[in-house]
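Lettering follows sequence order; numbering is per chain, from 1.
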Amino acid sequence: MEYNFKEIEPRWQKEWSRRGTYRVGVDPDRPKYYILDMFPYPSGAGLHVGHPLGYIASDICTRYKRMSGFNVLHPMGFDAFGLPAEQYAIQTGQHPATTTAANIARYREQLDKLGFSYDWDRCVETCDPAYYKWTQWAFIRMFESYYCRDCNQARPIAELLPVFEQQGNEGLNAACTVEMGFTAAEWRAMSEAERADVLMNYRLAYRASTMVNWCEALGTVLANDEVKDGLSERGGHPVEQRRMMQWLLRVSAYAERLLGGLDDLAWSESLKEIQRNWIGKSTGAQMFFDIKGSDQKLEVFTTRPDTIYGVTFMVLAPEHDYLSWLPTAGQRDEVDAYIAASKKRSERERVADTRKVTGVFTGAYAVNPFTGDEIPIYISDYVLAGYGTGAIMAVPGHDSRDWAFARHFGLPIVPVVEGGNVEEASYDAKEGRMINSGIIDGLDVKEAIVRMFDEVEARGLGRRKVNYRLRDAIFSRQRYWGEPIPVYYKDGIPTALPFSALPLELPKVSDFSPSRSGEPPLARVADWSYEGWPLETSTMPGFAGSSAYYLRYMDPTNDGALVSREADEYWRDVDLYVGGIEHATGHLIYSRFWNKFLFDIGEAAEQEPFRKLVNQGMIQGRSNFVYRYLGLNVFVSLHIKEEIDAAGNFEELNVVLRKYGLDPIRSISDGPITSVTSFFNRNSLFSSLHVDVNIVRNDVLDTDAFKKWRPEFADAEFVLEDGKYVCGWGIEKMSKSMYNVVNPDRIVADYGADTLRMYEMFLGPLEASKPWDTNGIDGVHKFLRRFWRLFFASGDFGVSDESPTAAEFKTLHKTIKKVREDIENFSFNTSVAAFMICLNELGLCDKRQILEPLTILLAPFAPHITEELWSRMGHEGSIFDERMPEYAPAHLVESEFEYPVSVNGKLRFKKSLPLGISVAEIEAAVLADENAGRWLEGREPKKMIVVPGKIVNIVI
RNA sequence: GCGGAUAUGGUGUAAUUGGUAGCCACGUCAGACUUAGGAUCUGGUGCCGAAAGGCGUGGGGGUUCGAGUCCCUUUAUCCGCACCA
C-alpha cells in the first residue's frame, strides 16, 4: 500500500485538535520546559518556505522533550501591531484591523498544515485589547517607577515625595534625564506642574524633549534599532534628527544589568557580542578643564587620561550648551554659521561625510591642567552631542580623527606614546611606553591610565565615569496601528490612567493615515479624552507588544494579572527561544529590559527571560535563469550558451552556432551587436531572465509550462541539450520579483508536511544561512516512502514478532544514540542523516522490536506518518504519549576494531584487533603482522604510538 | 577603522573534536525491471593517471608520528558596530 500523506496528514491534524493532544497546564509533578518561537508579524505575503525553519526545529524539540518526560509549554501567537501591518494596510487601502485579521487567518492555516504541536488555546494577538491591556499596564508601572542606583532596581516613584520634602534631591542616586539639584525648600515652593516636571525627570517611562529619529515618509519617530545607515529599516526612507517631545523608556538605567546578565545566558557568542557592542560600555574619566577668562569649566569624557600631555586643543559638538556664550565676538558669526549649517545636515549626510574635516575656532582657550598650556577650543560635528559630554580633549598624536583635524587647522601634534610617526599618521596605540608625559613619563600605557585616574581624582580635576552607548528607547509613534499610550493630560500635566480604565482601546477610525507634520491620527479622533481631559495621541512602537508576550502565554486569559503568581512560578522563563538574529538589538534588548523591570517590581520570577537562544539562519532563494538569444524569442540551454560564450572569434562562434541550428553571425551589424568589443564582452549575445522556479525541476525547464507562463513566451523556441532545457541558477533573496519564492503549501501538497519538515532540517545546520533548493527533497521523501514500505512487506500492513539479529539491534541502538545526542545539540541535519543510514543498514527488516522504537524516535521529525503507523501497529493512544527509547550500550559493543597502521605517518595497512586489549598487546600484534614486515623491511621501529581504539603509528 | 563568523567534490553538507577527509543526500554515469512514471532496485562517481601511484579541506608558513581541526600570516565572502573620544 502506498504512502498516502495527502490522506494521513489532514486526518491526524484534525484528530490531534479534537483530542487536545497538545494542550498543557501547570503540573507540579512534572518538570517544566518552555520552548518558544519568536511569534511572526502576519504580513500580507504569507509564509514562504524559509519562515517555518525555526518552527520545525522547535517543534521537534518540543515533541522530543515531551516524550522525555517534561511538561512542555509551546505556544504560538501573532505580533500584529506595528508599522509593517499598517504599511500593508495603507498599500492595500484596507483597515489594518481587517488586513491583520485576514493575514492571521492565512498564517494560521499555513502553520496548521505543517503539523506543529502548539497549544493554540494559549494563542495571543498583540492587537487584542485583552492582551494590550497588560502592555499598557506595564507602561503605567514604569511611569510610576524610578531607578534607584544604590539598590540597583526600580522603585515606586511615590517613595521620592517624602525624600524631596525633607532633603530635596541632595544625595539621591537615581537615573534621570538631566542632572538637577534642588533643596527641600525649593521643592516645597514648586507648583504642581513644576513638581510634575521634576518627577518626570526620574520616571522609567517618561516624556521629554529630545533629539529623535524623525522619518517624514513614515510620519513617525523611530528607535535607534529601527534606523540603519540613516534610513528607516521599514521602507528605507530618509531619517532626520529633530528635537521633539516624546515618550521614552529609561532603558539606559538598566545598561549595566543588561550587560552583566549576558554572561550566564546560553546564547551564541556572536549574538552576545552584538548586544555588548550595542550597549557599548566604556570606562573612562570625566575631566574638567578651566576656561581662560571664565569661571565655568569645560567637562569632557575620555577613556585615555594617560594622553593628557598630548592634548593640544579641545573640540565641542555644535549643539554644545556653552556655545551661547563661549565664542569670542570676533568668531561669533563664523561659529553661528557653522552651527546653522550642521543643523541642516541630515544624519545621513553626516554619516556620508565622515572623512571631510570641518570645524570652526571659537576664539576661546582652555587650560591643560597638567601642562598649564593654553589650548584653543574648536567646534566640529565629528564630536557628537549625544555621547559623553559633547566635548572632547583632542590628542592628535594618538587619535586619527583628532590628527586629521589638527593637520587641517595646523594645530600642534605632540606624541606621548613611544613608536609610530605622528608626522605621517596618528599612532592609535593601546600599549607602549609614555614619553613627553611629565609625571607618567616612562610608564606603560595601561599603568599610566590607572595612575592618571588616581591623579585626576586626587587633584579634584574629575572622576572615573562609565559611559554607555545604549540610549533610552523612544516609545511614542505618531501612527495609528499600535497600543494607545494610557496617559491623559490633566491641566496639561501627563497623568497615568487608573488600572481600572484599562484597556484603553484603540478607537476604530476610517482615516488612519499618518501626517507629514507629526500630528498623530488619534489627534483627529473626536472625543479622544478621559473624564474630559485630552488623552495622549501617539501610540506605542512595534516592540511594545512583543516585550512580555512570553509571560502572557503562561496564563493568557487572566484578566486580573499579566500572569498569575502560580503560573509564573511554575513556568518561570523560556528554556529555549528560537528566532532570527535580526532582533538582536531590538526585541531582545527591550524584552530583557522589560523583564528586568517586571522582576524588580515582583511580577516576573526570573531576571532573564530567555535562558537558551538559537538563531536559525535565513533561507535564501535559489533563482533560475533562462537565456534569451539576441533579444529573439529563442532560449538557449545553459551549457550551449556557455559553449557559445566561450567562442573566441567570429569563426569559432559561427561554427558553434551552426552546430545548434542557429543563424551564423555574418557581421557585427547583425542584430543588436554594436561593436566587436561589446560583443566579446558578452554584453549583448544573451539576456538572462528570471524564470519561475516552480516550472523548473532539477534545473530542467518545463518548456510547455514556460510557454504558458507569460503570453510573450507563448511561441518561444528552445535550443535544447540532450533534449532538455537546462537553466542557470543563482542565490538571491527570496522575493516575488526574482520568481524564486517557494510556498510551503505547494511542498506540502506535493510531498507532505513530514517530508517538508525533515527536508528543512536536512538542508544544513540550523544556524547557517542557506539557499532553499527544492532539488534534493526527493531524497527525504524517498526515505519516508521506504520507511513506510517496511511495514508493508507483504503488501498489507504487518510487522513480525521475530527476534532481531545482533546486527539489527546494533543499528537501532546506534541510531537512537546518535539521534538523541543530535537533538540535544541542535544538530538536526545529522540526525536526519542518521535515520537514512539506519534504513540503509536495516535493509528489509519488518521486526516489531526494531520498528516500534524506531517509529517513536522518528515521531518528533515526522509526526503524521509515525502516528499513523503507531496506530496501525495496534496502539490505542497517541505515539506522543510514549517515552523516547533509550539506547542500550550492550548492543553497541564492538568486538573487533580495525586499526589503521601508519609507518612514518603514512597509512600502510589495517589490522583487525579486539577492543579493550592493552597497548603492549596491540604493539606486539601489529609488529607480528606480515604487512608490518613488508613495510619495516627488517628495521627496528624507533617509536610506536598507539591510541587505543583509534590508530597505530610506527616511526622508523 | 573596530569586533564577530565562515571558507571542504558539480551541489547541500559530514568528520568520533588532533587519528583512514568527503558520511548522508542531490546531481550524474552504467546496468536491471517496467503498463515509459517525476516509479523501483543494483553498482560507479574528489581530482590527475591505462595502472602503479600521486595530489587534495581558499593561499603561504609552523607545531606534531599524524592537522579540515591547534598556532602565525594572508586572501575572499557574510554579519554587527562605527567620527562613541
Side-chain angles (χ1 to χ4, degrees), chain A residues 2 228-229 268-278 280-282 284-285 300-304 307 315 317 350-351 353-357 380-384 386-395 398-402 404-405 428 467-469 581-582 584-585 618 622 697-700 702 729 750 759 762-765 767-783 785-786 789 818 821 827 829-840 898-910 941-945 947 949-956:
Chain A
E2 267 305 290
K228 293 257 145 73
D229 300 327
S268 71
E269 258 330 293
S270 61
L271 177 54
K272 287 190 199 179
E273 206 52 39
I274 291 173
Q275 289 215 341
R276 287 192 191 107
N277 284 340
W278 189 258
K281 179 179 182 173
S282 62
V300 301
F301 174 77
T302 179
T303 54
R304 294 293 300 276
T307 59
V315 188
R350 270 176 83 151
V351 169
D353 285 355
T354 51
R355 261 168 253 123
K356 214 195 269 167
V357 178
S380 173
D381 64 6
Y382 85 84
V383 175
L384 303 179
Y387 184 78
T389 61
I392 61 157
M393 53 178 232
V395 187
H398 305 284
D399 182 288
S400 54
R401 295 153 301 170
D402 298 345
F405 196 83
D428 300 13
N467 249 313
Y468 299 94
R469 205 185 70 93
I581 189 91
E582 66 273 16
T585 55
M618 280 255 287
R622 187 180 190 276
R697 194 186 167 85
N698 286 338
D699 292 336
V700 174
D702 179 338
W729 60 275
D750 287 355
Y759 185 56
F762 186 65
L763 222 43
E767 300 185 69
S769 282
K770 58 233 158 193
W772 175 266
D773 182 2
T774 308
N775 305 338
I777 197 168
D778 285 328
V780 169
H781 192 58
K782 210 184 289 180
F783 162 79
R785 277 203 311 260
R786 281 174 63 197
R789 276 207 306 272
K818 175 78 175 145
E821 280 170 3
S827 177
N829 54 330
T830 50
S831 51
V832 173
F835 280 115
M836 294 181 176
I837 296 167
C838 175
L839 215 55
N840 287 346
E898 277 220 324
Y899 281 85
V901 180
S902 79
V903 178
N904 280 352
K906 197 142 245 177
L907 185 78
R908 301 301 185 186
F909 64 95
K910 287 178 190 172
K942 281 191 196 128
K943 188 154 76 159
M944 273 186 83
I945 298 131
V947 184
K950 295 211 164 154
I951 195 162
V952 177
N953 271 283
I954 304 171
V955 185
I956 53 175

Taking only side-chain N and O atoms of [X], does any of them lie within less than 4.0 angstrom of OP1 or OP2 on [N]?
X: A:Asn467; N: B:A85; answer: no
X: A:Tyr387; N: B:A85; answer: yes
X: A:Arg785; N: B:U40; answer: yes

Measure from [atom1] on [X] to [atom2] on [N] and round the result to the nearest Å.
X: A:Phe783; N: B:C41; atom1: CZ; atom2: P; value: 13 Å
X: A:Trp278; N: B:G3; atom1: CH2; atom2: P; value: 20 Å
X: A:Glu273; N: B:C78; atom1: CD; atom2: P; value: 21 Å
X: A:Leu839; N: B:C41; atom1: CG; atom2: C1'; value: 14 Å
X: A:Asn277; N: B:G80; atom1: CG; atom2: P; value: 12 Å
X: A:Gln275; N: B:G4; atom1: CD; atom2: P; value: 17 Å
X: A:Glu582; N: B:C81; atom1: CD; atom2: P; value: 13 Å
X: A:Asp402; N: B:C83; atom1: CG; atom2: C1'; value: 10 Å

Inset, instruction - Assign A:Asp699 to base, sugar-phosphate, or nothing according to its heavy-atom contacts below 4.0 angstrom with the strands shown. - result: nothing
Inset, instruction - Describe the nucleic acid contact of A:Pro771 in one word from base, sugar-phosphate, nothing, applying a heavy-atom distance below 4.0 Å. - result: nothing
Legend entry - A:Asp402 side chain to A:Val395 backbone, donor-acceptor under 3.5 Å: yes
Inset, instruction - On RNA chain B, check which nucleotide each of A:Lys818 and A:Val832 is closest to and give me the residue with the more 5' one. - result: A:Lys818
Legend entry - Comparing A:Ala834 and A:Thr830 on RNA chain B - which has the more 5′ nearest nucleotide: A:Thr830
Inset, instruction - Would you please classify the geometry between the A:Trp772 ring and the A:Tyr759 ring as parallel, tilted or perpendicular, with 30° and 60° separating the classes? - result: perpendicular
Inset, instruction - Classify the angle between the aromatic ring planes of A:Phe835 and A:Phe783 as parallel (below 30°), tilted (30 to 60°) or perpendicular (above 60°). - result: tilted
Write down the distance separating the [atom1] atoms in [N] and [M], rounded off to the nearest Å.
N: B:C71; M: B:C79; atom1: P; result: 26 Å
N: B:C65; M: B:U20; atom1: C1'; result: 15 Å
N: B:A5; M: B:A85; atom1: C1'; result: 28 Å
N: B:C41; M: B:G10; atom1: P; result: 27 Å
N: B:U45; M: B:C33; atom1: C1'; result: 23 Å
N: B:G1; M: B:C48; atom1: P; result: 40 Å
N: B:G80; M: B:C26; atom1: C1'; result: 34 Å
N: B:U42; M: B:G68; atom1: P; result: 33 Å

Legend entry - Residue from A:Ile392, A:Val315, A:Val357 passing side-chain contact (heavy atoms from CB on, under 4.5 Å) with A:Ser380: A:Val315
Glycosidic class, syn or anti, of [N] using a 90° window around 0:
N: B:G49; result: anti
N: B:G37; result: syn
N: B:U42; result: anti

Legend entry - With A:Glu821 via salt bridge (charged side-chain N to carboxylate O under 4.0 Å, His left out) - residues at least two apart: A:Lys817
Could you tell me which nucleotide pairs with [N] by Watson-Crick or G-U wobble geometry, both distances under 3.5 Å, or answer none if nothing does?
N: B:C81; result: B:G1
N: B:U6; result: B:A76
N: B:A52; result: none
N: B:A30; result: B:U42
N: B:A14; result: none

Calculate, to the nearest 0.5 Å, the distance between atoms [atom1] and [atom2] belonging to [X] and [Y] respectively.
X: A:Ile274; Y: A:Glu582; atom1: CD1; atom2: CD; answer: 10.5 Å
X: A:Lys281; Y: A:Arg276; atom1: NZ; atom2: CZ; answer: 11.5 Å
X: A:Leu384; Y: A:Thr389; atom1: CG; atom2: OG1; answer: 11.5 Å

Inset, instruction - Grab the two heavy atoms, one from A:Tyr468 and one from A:Tyr387, that are nearest each other, plus how far apart they are. - result: O-CE1, 4.1 Å
Legend entry - Heavy-atom closest pair, residues A:Gly388 and A:Asn467: CA-ND2, 3.6 Å
Legend entry - Side chain of A:Arg789 (C-beta onward), nearest among B:A85, B:C41, B:G4: B:C41
Legend entry - Residue A:Arg469, side-chain heavy atoms: nucleotide from B:A82, B:A14, B:A85 that is nearest: B:A82
Grab the N/O contacts between the protein and nucleotides 25-35 of chain B below 3.5 Å, and write none if there aren't any.
unit_1: B:A25; atom_1: OP1; unit_2: A:Asn840; atom_2: OD1; d: 3.4
unit_1: B:A25; atom_1: OP1; unit_2: A:Asn840; atom_2: ND2; d: 2.7
unit_1: B:C26; atom_1: OP1; unit_2: A:Lys782; atom_2: NZ; d: 3.0
unit_1: B:G27; atom_1: OP1; unit_2: A:Asn698; atom_2: ND2; d: 3.0

